[in-house]
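Inspection log for the structure reproduced underneath, given as structure tokens.
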Amino acid sequence: MRYSQAFIPTLKEVPKDAVDASHVLLLRGGFIRMIGSGIYEMLPLGQRVLGRVKSIIRDEMNGAGAQEVLMPAILPASYFQETGRWDLYGDVLLRLKDRKGGDYHLGPTHEEIVTDMVRHQVKSYRQLPLNLYQIQMKYRDEPRPRAGLMRCREFLMKDAYSFDVSEEKAFESYATMRQAYHRIFRRLGLDYRVVQADSGQIGGKTSAEFQILAQSGEDRIVACTACEYAANVEVAETKLDTTVADFSATPAPELVKTPKTKTIEQVAGFFEKDGVGPDRILKSLVFLAPKKPEGKAATVEPAEAPASDFTLVVVRGDHDVNEILVARALGVDEVHLASEADVKRVLGVGPGFVGPVEPKSAVRVLVDHAAAAVSDGVCGANQWDHHLAHVAYGRDFQGEVGHLRLVGEGDACPSCGGKLAAYRGIEGGHIFVLGTHYSAKMSATFLDEHGESKPFVMGCYGIGVTRLMASAIEQHHDADGIRWPMSIAPFQAVVLPLGKDDDVLTEATRVYEALKAAGIDALLDDRDERPGVKFKDADLIGIPLRVTIGARGLKEGQAELKLRAEKDAKNVPLAEVVDAVVATVHAQLGALGGPA
RNA sequence: CGGGGCGUAGCGCAGUUUGGUAGCGCGCACGGUUCGGGACCGUGAGGUCGAAGGUUCAAAUCCUUUCGCCCCGACCA
């Protein structure tokens with residue numbers, strides 16, 4: 001491609017709405033443009049990168065035995081109604097009506113549709129296993145789209161679905177996909193971790209997330225520094241210390257006036273003189289967990305919720321409550337932090353002064369192991385502006401003890417006891433064993449070798465394609481711009497002729513043509529621009545290899561070869577520069593584990 | 001949905017407090033000089049000031065309503 005004919009609208013200034021590196025650089029580099037909140041169009045450069053990501057995914061999916069299909073983005077309501085997700089999905093589902101008033105929606109994911117496809121066409125165990133995938137736009141009316149391509153309302157997703165005769169076989173399909181995902185993420189040049197995860201609304205019991213490590217990531221994960229254990233903090237475990245407080249030497253509880261000390265920080269500040277840190281403060285949070293009718297969103301008016309719907313959860317001041325674990329302990333789907341008004345109504349005192357010692361109402365009390373181990377703690381006194389010092393679980397308050405907190409940096413690995421390290425991650429892929437969750441609801445069955453009718457055992461496997469494109473930038477950029485991995489760069493090499501000298505342009509064009517002939521995807525910056533502009537643009541859009549040809553070098557028969565990711569350039573005889581580029585491109589692709 | 005911020009030329013912004021006929025930088029067009037890290041000089045095109053209503057002799061500016069975007073939180077594959 002000749003730059004003079006290319007549509008690459010780079011920006012010198014940072015668009016004001018962009019914050020994260022990937023967002024800023026995709027906009028500045030002329031890769032994408034926003035059309036509405038969470039809705040973007042791909043400009044030529046973006047489309048090129050996307051094409052490369054897609055082709056790597058296709059390559060590995062096909063290699064793993066999956067077959068590509070394409071399902072509609074616009075779907076009649078009946079399929080999601082069949083499994084109940086028409087109601088469950090709530091506002092996230094983008095709904096529309098056709099001219100006759102019929103209900104439709106844009107597909108947020110396609111389990112129902114693919115299950116329908118298979119139930120109509122597959123009748124025998126002889127036709128299994130089957131793995132079907134598509135790369136297609138997904139639509140979710142996110143409560144808050146953000147960070148450019150990271151969280152969009154329209155986004156490109158690769159979603160695959162496996163169908164097997166048994167749970168055992170389904171796990172084999174799952175393992176195959178897991179391996180394929182490893183190859184895909186590696187070829188994309190991403191630093192990632194596979195972590196245990198919550199299965200969320202999709203359903204199913206076994207799942208793993210492919211988390212791309214990045215400071216800007218929305219997810220928090222922990223990984224063991226000594227073994228393979230890694231998990232999303234939502235489900236992370238730790239080697240539990242189930243020691244219970246030894247209060248034999250603990251003084252009697254003492255009511256202390258603590259005006260205006262509501263937060264842990266303030267309480268710790270107040271009791272600092274007594275040597276009490278956050279790890280000796282008992283934090284009490286009130287959760288509302290109404291049992292909700294099957295398949296319906298919670299309808300209980302908070303103002304009417306009885307005390308029995310509230311739960312007091314006690315954790316150490318330096319710990320955070322894991323709401324998923326609380327919900328699990330209570331046997332409900334989800335819990336919500338109670339409103340301030342509810343807390344006052346039920347416990348007679350506001351947040352900050354609530355405690356587990358003789359609460360005003362008979363609320364259920366759950367105590368985290370670590371909090372139960374505090375032998376001389378401080379907690380809210382259930383009176384305005386008062387805390388209780390010298391309290392201990394077992395003596396001053398009771399409750400059901402369990403694992404309720406978010407695991408974090410420094411906690412003990414549940415599998416080997418080593419130290420866990422905390423990271424932030426971007427969820428790039430998520431793989432699930434679904435079991436018969438969808439097939440049973442949709443009567444999707446086959447006949448096994450005994451002539452018996454059985455539901456398909458399914459798995460599903462997603463990759464956020466557009467999100468991966470942004471993730472790659474989060475991991476590969478510097479102050480000058482993007483540093484694309486060779487495998488997904490919009491061009492593999494850029495040839496920069498400098499100056500107005502006709503001989504320079506002639507020679508640069510010769511090199512460019514030779515690169516193309518050698519199978520290199522090259523860009524020739526033949527624009528009538530000053531050198532600085534060409535350098536800046538090349539760095540910004542992140543082309544991995546740069547061949548610079550100037551008047552001085554040309555006289556000496558030299559070109560300059562520079563890797564975007566490295567600081568220094570080196571001179572290469574013009575006669576050898578094409579070979580050098582070809583060798584470097586192949587070496588880098590090979591290093592990423594792809595075909596060279 | 002709660003909190004905060006912002007909508008003025010393609011992009012980034014000033015002007016709003018104290019109403020008076022819309023400005024700067026970049027980009028764009030033309031001419032000239034320049035040419036290895038986003039050059040310089042000159043000329044020029046480009047704006048229903050997010051939208052609607054109101055106050056006023058006069059509204060980007062004041063009042064009301066509304067739409068949109070971003071950030072934090074809630075929520076979320």
Side-chain angles (χ1 to χ4, degrees), chain A residues 9-20 23-24 27-28 30 33-39 85 88-93 107-111 138-148 150-153 155-160 197-204 207-211 216 218-219 232 234 297-298 302 323-324 334-337 339-340 426-432 434 460-467 479-481 496-501 504 525 527-540 546 548-554 559-560 562 569 571:
Chain A
T10 57
L11 301 170
K12 215 185 268 191
E13 289 179 282
V14 181
K16 79 169 172 337
D17 287 339
V19 175
D20 289 340
H23 192 190
V24 169
L27 289 170
R28 283 196 57 209
R33 211 173 68 89
M34 186 174 82
I35 280 303
S37 176
I39 306 171
R85 290 212 288 187
L88 271 179
Y89 246 101
D91 291 336
V92 173
L93 212 53
T109 174
H110 282 75
E111 281 79 10
K138 293 285 185 279
Y139 298 86
R140 295 183 191 174
D141 195 356
E142 293 283 349
R144 190 180 150 205
R146 76 187 90 171
M150 277 305 171
R151 180 167 293 278
C152 289
R153 296 198 292 176
F155 61 102
L156 196 65
M157 178 167 172
K158 187 286 302 176
D159 47 323
D198 185 52
S199 296
Q201 277 182 10
I202 292 269
S207 85
E209 288 172 344
F210 281 67
Q211 288 279 356
S216 62
E218 294 180 293
D219 292 345
N232 192 306
E234 290 175 351
E323 296 189 15
I324 291 178
E334 53 186 322
V335 295
H336 296 283
L337 205 53
S339 69
E340 191 165 336
I426 299 163
E427 184 185 353
H430 202 157
I431 58 177
F432 303 77
L434 294 173
C460 74
Y461 318 92
I463 289 182
V465 184
T466 33
R467 181 182 279 183
D480 293 318
L496 284 197
L498 298 186
K500 292 237 173 195
D501 194 332
V504 168
D525 195 346
R527 293 177 299 171
D528 180 17
E529 288 287 356
R530 296 164 61 84
V533 173
K534 295 187 180 185
F535 284 133
K536 289 290 183 187
D537 275 337
D539 286 346
L540 176 60
R546 188 181 81 196
T548 310
I549 298 172
R552 283 205 301 271
L554 186 60
E560 182 188 275
K562 181 180 176 300
N571 287 319

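Hydrogens, waters and symmetry mates are skipped; everything else that's a heavy atom, side chains included, is used. The chains referred to below are lettered A, B, ... by the order of the sequence lines, with proteins before strands, and numbering in each begins at 1.
Across all strands, A:Val92 comes closer than 4.0 Å to no nucleic acid atom at all (heavy-atom distances). Residue A:Glu218 is out of contact with every strand shown, counting any heavy-atom pair closer than 4.0 Å. Counting any heavy atom pair closer than 4.0 Å across all strands shown, A:Ala569 reaches no nucleic acid atom. Nucleic acid contact class of A:Asp539 (heavy atoms, under 4.0 Å, all strands): base. Using a 4.0 Å heavy-atom criterion, one finds that A:Gly550 contacts the bases of the nucleic acid, with or without backbone contacts as well. Using a 4.0 Å heavy-atom cutoff across all strands shown, A:Val533 reaches at least one base atom of the nucleic acid. Among the atoms of the strands shown, base atoms are found under 4.0 Å from some heavy atom of A:Arg546.
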* To do: Summarise how protein sits on nucleotides 22-35 of chain B as a single string, 5' to 3': B when a protein heavy atom is under 4.0 Å from the base, S for sugar-phosphate-only contact, - for no contact.
  => ---BSS------BB

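B:A60 and B:G50 have their C1' atoms separated by 12 Å, with the value rounded to a whole Å. Separating the P atom of B:G20 from that of B:C62 is a span of 11 Å, rounded to the nearest Å. Between B:A45 and B:G25, the two P atoms lie 15 Å apart (nearest whole Å). B:G15 sits 9 Å from B:U61 when the C1' atoms are compared, rounded to a whole Å. Taking atom C1' on both B:U56 and B:G19, the two are 9 Å apart, rounded to the nearest angstrom. If you take atom P in B:C1 and the same atom in B:A39, they sit 47 Å apart, rounded to whole Å. B:U16 and B:A22 have their P atoms separated by 15 Å, with the value rounded to a whole Å. Look at the C1' atom in both B:U43 and B:C6: the space between them is 35 Å, to the nearest Å.
No hydrogens or angles were tested; on distance alone, a donor-acceptor pair under 3.5 Å links the side chain of A:Asp537 to the base of B:G38.
Rounded to whole Å, atom C1' of B:G7 lies 12 Å from atom CE of A:Met34. The separation between A:Leu88 atom CG and B:C75 atom C1' is 15 Å, rounded to whole Å. Rounded to an integer number of Å, the gap from A:Glu209 CD to B:A77 C1' is 8 Å.
The side chain of A:Met157 has B:A77 as its nearest neighbour among B:A77, B:G38, B:G12. If you check B:A77, B:G36, B:G37 against the side chain of A:Arg552, the one that comes closest is B:G36. In the set B:C76, B:G38, B:G37, the nucleotide with an atom closest to the side chain of A:Glu142 is B:C76. Among the nucleotides B:C71, B:C69, B:A77, the one closest to any side-chain atom of A:Val19 is B:C71.
By the side chain to side chain donor-acceptor pair (under 3.5 Å) test, A:His110 is found to be paired with A:Gln134, A:Lys138, residues two or more places apart in sequence or in another chain being considered. For A:Glu529, the side chain to side chain contact (heavy atoms under 4.5 Å, CB included) criterion is met by A:Arg527, A:Val533, A:Lys534, not counting sequence neighbours. Evaluation of the side chain to side chain contact (heavy atoms under 4.5 Å, CB included) rule for A:Pro15 yields A:Leu11, A:Leu27, A:Arg28 as partners, not counting sequence neighbours. Considering only residues two or more places apart in sequence or on other chains, A:Asp17 meets the side chain to side chain contact (heavy atoms under 4.5 Å, CB included) condition with none of them. Looking at residues two or more places apart in sequence or on another chain, you find a side chain to side chain contact (heavy atoms under 4.5 Å, CB included) between A:Pro108 and A:Phe80, A:Tyr89, A:Leu93, A:His105, A:Arg140.
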